[in-house]
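A short write-up of the structure that comes next.
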Amino acid sequence: LRAATATRAVQCAPGYSGSPVLHCSISGGLFDFTGCEENHCVLGTTAIPAGYSLSSGGCSVGTPLSPSAVPGCGAGVSCASGYAQHPVVTPGLSCAEPSQGFSLFGCSSAMVCELPVHLPPGYQTRAPCAGFQPNTTCAAFLLCSPGAISTGPIRMSCETSYGTFSLSGCTPGTA
């Protein structure tokens with residue numbers, strides 16, 4: 001593969017911008033990649049979305065920073081009161097477009113939970129309902145299993161976001 005041909009197919013990764021350049025110093029060797037720099041966004045240029053708390057720490061508000069530099073100056077993102085942190089994704093900042101405001105991620109205002117791995121006796125699903133969902137999404141897929149007694153509409157409740165739903169509305173039948 002020639003560097004001139006390969007350069008047309010190379011792009012900067014998300015969060016980086018520039019003009020990528022490939023260089024190969026030895027025939028049959030590995031390419032060196034240059035020309036992409038981490039995007040720098042500016043703290044304080046956009047309103048903080050609902051659900052997030054942003055502390056600037058020692059970062060200068062209005063000065064362009066890369067997302068990797070933000071923790072070094074003490075800036076931090078956390079979920080505001082009443083909002084839930086995703087169990088896998090730590091709240092943070094991203095910078096998709098250079099010189100713009102940071103985008104925040106990792107917090108949710110909606111209570112989302114998942115069905116138990118094994119449904120309690122008396123319940124079955126019409127279709128899979130996997131992953132974290134609001135209770136109104138999965139309830140439509142649940143019904144009482146054959147032989148179970150309906151005690152009212154099936155209800156789903158969840159105490160903490162990203163937890164497991166508790167179910168009510170079906171009682172296992174007696175044998």
Side-chain angles (χ1 to χ4, degrees), residues 9-17 36 38-39 41-59 65-97 100-175:
V10 176
Q11 297 176 353
C12 294
Y16 289 76
S17 59
C36 294
E38 189 173 20
N39 290 341
C41 282
V42 182
L43 283 175
T45 58
T46 57
I48 297 170
Y52 291 90
S53 176
L54 177 64
S55 64
S56 61
C59 298
L65 296 165
S66 67
S68 61
V70 170
C73 62
V77 178
S78 58
C79 298
S81 177
Y83 289 77
Q85 177 178 326
H86 191 280
V88 178
V89 178
T90 301
L93 308 155
S94 66
C95 180
E97 294 293 325
Q100 300 298 310
F102 284 100
S103 298
L104 305 177
F105 59 87
C107 298
S108 172
S109 63
M111 180 70 79
V112 291
C113 291
E114 63 183 346
L115 287 174
V117 173
H118 301 287
L119 289 176
Y123 296 89
Q124 70 180 35
T125 60
R126 292 175 231 224
C129 188
F132 295 103
Q133 304 285 335
N135 63 1
T136 54
T137 303
C138 289
F141 295 108
L142 293 173
L143 55 118
C144 294
S145 59
I149 301 163
S150 174
T151 59
I154 294 178
R155 298 197 190 283
M156 302 173 72
S157 61
C158 189
E159 296 298 317
T160 60
S161 202
Y162 299 104
T164 302
F165 283 116
S166 298
L167 307 175
S168 63
C170 300
T171 302
T174 56

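The figures here come from the full heavy-atom set of this structure, side chains too, leaving out hydrogens, waters and symmetry mates. By convention here, the first residue in the shown sequence is residue 1.
- Counting only heavy atoms from C-beta outward, the side chains of F105 and P91 never approach each other to under 4.5 Å.
- Annotation for C12 and S17: closest pair SG-C, 3.7 Å, computed over non-hydrogen atoms.
- Between G122 and A148, the shortest heavy-atom distance links the atoms O-CB, 3.6 Å.
- Side-chain contact between L167 and R155 is absent, with no heavy-atom pair separated by less than 4.5 Å.
- Counting heavy atoms from C-beta outward, L142 and M156 have side chains that approach closer than 4.5 Å.
- Looking at L119 and T125, their side chains come closer than 4.5 Å, going by heavy atoms from C-beta outward.
- To the nearest 0.5 Å, atoms CD1 (I154) and SG (C170) are separated by 4.0 Å.
- For the residue pair G169 and C144, the shortest heavy atom distance occurs at O-SG, 3.7 Å.
- Using a 4.5 Å heavy-atom threshold, the side chains of L143 and Q124 count as touching.
- When all heavy atoms of Y52 and A80 are compared, the pair lying nearest together is N-CB, 3.9 Å.
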